[in-house]
Amino acid sequence: MSPADWATKDFYQVLGVSKNASVDDIKKAYRKLARDNHPDSKPGDTAAEERFKSISEAYSVLSSAERRKEYDEQRSLFGAGGFRSPRPGQGRDFSDLFTGSDSGGFSDVFGGLFNNGRTTRSAQPRRGQDVDSETSLTFAQALEGITVSMQLSSDAACAACSGTGAKAGTMPRVCATCEGSGMQTSSQGGVFAMTEPCRQCLGRGLVVEDPCQVCHGSGRGVSTRTIQSRIPAGVRDGQKIRLRGKGAPGERGGPSGDLYVTVRVAPHPIFGRSNDNLTVTVPIRFDEAALGAEIGVPTVTGQVVTLKIPAGTPNGRTFRVKGRGAPRRDGTKGDLLVTVEVQTPTQLDDAARTAVEALRAASAHHDPRVELLSRGRQ
Ligand SMILES: [Zn+2]
Ligand SMILES: [Zn+2]
């Protein structure tokens with residue numbers, strides 16, 4: 001509905017009232033006609049549906065003193081052979097309501113749709129919402145850092161109806177119950193006046209007659225964007241990275257929100273992570289543990305480094321290889337923590353068996369359980 005239609009429509013005739021009808025007469029006429037022609041009471045009767053729409057439109061204009069005056073003025077101008085659009089500031093300019101501009105009007109009326117049902121009428125810039133996202137990296141990617149592409153979906157106005165909720169080519173009409181204010185005042189016993197969101201339009205101030213088929217009248221849609229984001233080297237599993245200004249766009253010139261990316265790092269088959277350090281378990285032979293040895297140790301870059309094991313190294317001892325861990329923010333690196341695991345041979349060839357038997361003979365005088373057994377007897 002727009003004032004341009006007004007010139008061709010006789011709202012008084014639609015409601016069956018005189019041009020001088022009082023507000024009460026108009027209200028009464030509307031109620032009766034709306035009841036008689038309500039689509040709920042006459043399902044499938046398209047003629048009644050059309051009548052109901054006309055009645056609602058007529059009432060939405062004539063029930064508001066301000067708009068009725070404007071309408072009367074338009075009609076009289078038309079009758080005199082000249083039709084003008086309302087000047088800005090003269091009454092309510094409906095074209096403002098539906099332009100979808102950021103200057104107020106439309107976005108204010110529909111702001112309620114995207115604001116947990118609250119109707120916002122301020123034209124203040126609003127910062128976009130923060131958005132949470134997640135990205136999965138391999139162990140190596142987390143260590144080296146990587147640029148990832150992320151698809152982000154956020155709430156947006158339905159593209160098909162520009163958020164009006166009304167089918168393409170139609171417009172929502174101003175709610176007749178609250179006259180577009182979205183608020184209803186009810187007085188109780190004449191003492192207390194309560195103002196609450198209009199029940200007819202749920203506070204939107206507008207009623208959709210012909211719902212958009214894409215969003216089913218909600219006006220809500222989803223916008224998807226792809227953003228590139230640099231994940232710094234050395235991120236840990238579960239770490240949250242804040243990307244300033246990559247969240248939902250602001251409204252009415254407000255700044256964008258931030259994007260928080262939670263990083264998921266896949267486990268590595270041999271390396272573990274302990275803060276900035278990497279961990280690895282390396283098997284060694286008994287003789288290497290007993291006599292000492294230089295052993296090859298894998299690093300995460302694929303390079304093999306040499307680690308010196310001293311004589312008499314017990315099972316489970318951890319050695320530190322400096323600078324072979326995860327990158328830190330300052331450019332340095334953590335360490336590689338190497339834990340040795342002494343292996344017991346499961347198969348011995350003749351030479352090895354002879355040697356181990358010789359070792360047994362040589363060690364026979366030493367019983368490692370003497371102290372344990374004596375303490376157990378206490
Ligand atoms: Zn309403
Ligand atoms: Zn829609």
Side-chain angles (χ1 to χ4, degrees), residues 129-154 222 224-248 257-290 292-310 313-347:
Q129 284 191 317
D130 291 339
V131 176
D132 286 309
S133 182
E134 216 178 83
T135 190
S136 295
L137 306 182
T138 67
F139 196 85
Q141 285 170 339
L143 291 178
E144 290 156 16
I146 186 173
T147 299
V148 293
S149 288
M150 279 178 290
Q151 279 230 325
L152 299 177
S153 303
S154 51
V222 173
T224 308
R225 12 182 217 129
T226 304
I227 69 145
Q228 306 277 320
S229 141
R230 179 71 197 166
I231 305 292
V235 289
R236 286 175 223 156
D237 183 43
Q239 198 169 326
K240 247 186 188 185
I241 294 170
R242 178 185 179 193
L243 300 168
R244 227 179 259 269
K246 298 268 190 165
D258 297 334
L259 173 64
Y260 289 89
V261 182
T262 303
V263 179
R264 298 282 168 221
V265 181
H268 192 278
I270 66 166
F271 293 104
R273 179 93 185 249
S274 170
N275 296 323
D276 295 333
N277 298 324
L278 297 179
T279 60
V280 66
T281 298
V282 176
I284 57 171
R285 295 193 313 266
F286 168 73
D287 63 283
E288 290 172 327
E294 288 189 352
I295 62 168
V297 169
T299 65
V300 80
T301 58
Q303 237 184 321
V304 173
V305 294
T306 300
L307 175 68
K308 223 177 149 186
I309 304 284
T313 292
N315 182 45
R317 173 158 291 179
T318 297
F319 299 89
R320 187 179 291 266
V321 182
K322 287 243 177 237
R324 295 289 182 164
R328 298 192 187 103
R329 221 177 266 180
D330 64 3
T332 64
K333 280 183 170 183
D335 302 328
L336 177 62
L337 304 179
V338 182
T339 302
V340 296
E341 192 176 71
V342 178
Q343 283 198 327
T344 303
T346 50
Q347 297 212 314

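Only this structure's heavy atoms are used, side chains among them; waters, hydrogens and symmetry mates stay out. Positions are given from 1 along the sequence. Note that this is a predicted model, so its numbers are computed, not measured.
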TODO: Determine the minimum heavy-atom distance between L143 and A326, stating which atoms define it.
DONE: CD2-CB, 3.6 Å

Task: Of K246, R242, R244, K240, the residue whose pairing with D258 passes salt bridge (Lys or Arg N to Asp or Glu O under 4.0 Å) - done: R242

Open item on the list: Contact between I241 and V235 at the side-chain level, heavy atoms closer than 4.5 Å - yes or no?
Closed with: yes

TODO: Go through the structure and list residues passing side chain to side chain donor-acceptor pair (under 3.5 Å) with E294, not counting sequence neighbours.
DONE: none

- [ ] Begin with the C-alpha distance, continue with both residues' side-chain angles, and end with the deciding distance and a verdict on side chain to side chain contact (heavy atoms under 4.5 Å, CB included) for V261 and L243.
- [x] CA-CA 8 Å; V261 182; L243 300 168; 3.8 Å; yes

- [ ] Any chance you could measure Y260, atom OH, to D130, atom CG, to the nearest 0.5 Å?
- [x] 5.0 Å

Task: Closest heavy-atom pair and its distance - Q228, S149 - done: NE2-OG, 2.8 Å

- [ ] Grab the two heavy atoms, one from K333 and one from G325, that are nearest each other, plus how far apart they are.
- [x] CD-O, 4.0 Å

Open item on the list: Determine whether T339 and T318 satisfy the following criterion, side chain to side chain donor-acceptor pair (under 3.5 Å), listing intermediate values before the conclusion.
Closed with: CA-CA 4 Å; T339 302; T318 297; 2.9 Å; yes

Open item on the list: For the CD1 atom of I146 and the CD1 atom of I231, what is their distance to the nearest 0.5 Å?
Closed with: 8.5 Å

Open item on the list: Let's go through V282 and L307 carefully: what are the C-alpha distance in whole Å and the side-chain angles of both, what is the deciding distance for side chain to side chain contact (heavy atoms under 4.5 Å, CB included) to 0.1 Å, and is it a yes or a no?
Closed with: CA-CA 11 Å; V282 176; L307 175 68; over 6 Å; no

Open item on the list: Please enumerate all residues that pass side chain to side chain contact (heavy atoms under 4.5 Å, CB included) together with R285, with sequence neighbours excluded.
Closed with: D287, E288

- [ ] With the side chain counted from C-beta on, respond yes when L137 and V263 share a heavy-atom pair under 4.5 Å apart, and no when they do not.
- [x] yes

Open item on the list: List the residues meeting side chain to side chain contact (heavy atoms under 4.5 Å, CB included) with V131, not counting sequence neighbours, and say none if there are none.
Closed with: A248, L259

Open item on the list: Using only atom types and a distance under 3.5 Å, with no angle test, would you say the side chain of T138 pairs donor to acceptor with the backbone of Q141?
Closed with: yes

Task: Sequence neighbours excluded, every pair satisfying ring pair (Phe, Tyr, Trp, His ring centres under 6.0 Å) that has a member inside residues 264-285 - done: F139-H268, H268-F271

TODO: Run through V338, L336, L337 and flag the one making a side-chain contact (heavy atoms from CB on, under 4.5 Å) with T279.
DONE: L337

- [ ] Before giving the answer on side chain to side chain contact (heavy atoms under 4.5 Å, CB included), spell out for D237 and R264 the whole-Å C-alpha distance, their side-chain angles and the decisive distance to 0.1 Å.
- [x] CA-CA 5 Å; D237 183 43; R264 298 282 168 221; 4.1 Å; yes

- [ ] Find out whether F319 and V297 are in side-chain contact, i.e. whether some heavy atom of one side chain is under 4.5 Å from a heavy atom of the other.
- [x] no

Open item on the list: For V304 versus G296, what's the shortest heavy-atom pair and its separation?
Closed with: CG1-CA, 3.9 Å

- [ ] With rounding to the nearest 0.5 Å, note down the distance linking CD in E341 to CD1 in I284.
- [x] 9.5 Å

- [ ] Check salt bridge (Lys or Arg N to Asp or Glu O under 4.0 Å) between R317 and all other residues, then give those that pass, not counting sequence neighbours.
- [x] none

Task: With R324 via side chain to side chain donor-acceptor pair (under 3.5 Å) - residues at least two apart - done: Q303

Open item on the list: I'd like to check the side chain to side chain contact (heavy atoms under 4.5 Å, CB included) partners of K322; sequence neighbours left out, ordered by chain and number.
Closed with: R320, D335

Open item on the list: Contact between Q239 and T262 at the side-chain level, heavy atoms closer than 4.5 Å - yes or no?
Closed with: no

Open item on the list: Restricting to side chain to side chain donor-acceptor pair (under 3.5 Å), what partner residues turn up for R236, sequence neighbours left out?
Closed with: none

Open item on the list: Going by the rule side chain to side chain contact (heavy atoms under 4.5 Å, CB included), which residues pair with T332 if we only count those two or more places apart in sequence or in a different chain?
Closed with: R328, D330

- [ ] For Q151, check side chain to side chain donor-acceptor pair (under 3.5 Å) against everything at least two apart and list the hits.
- [x] T226

Open item on the list: The criterion is salt bridge (Lys or Arg N to Asp or Glu O under 4.0 Å); which residues satisfy it with E144, sequence neighbours excluded?
Closed with: none

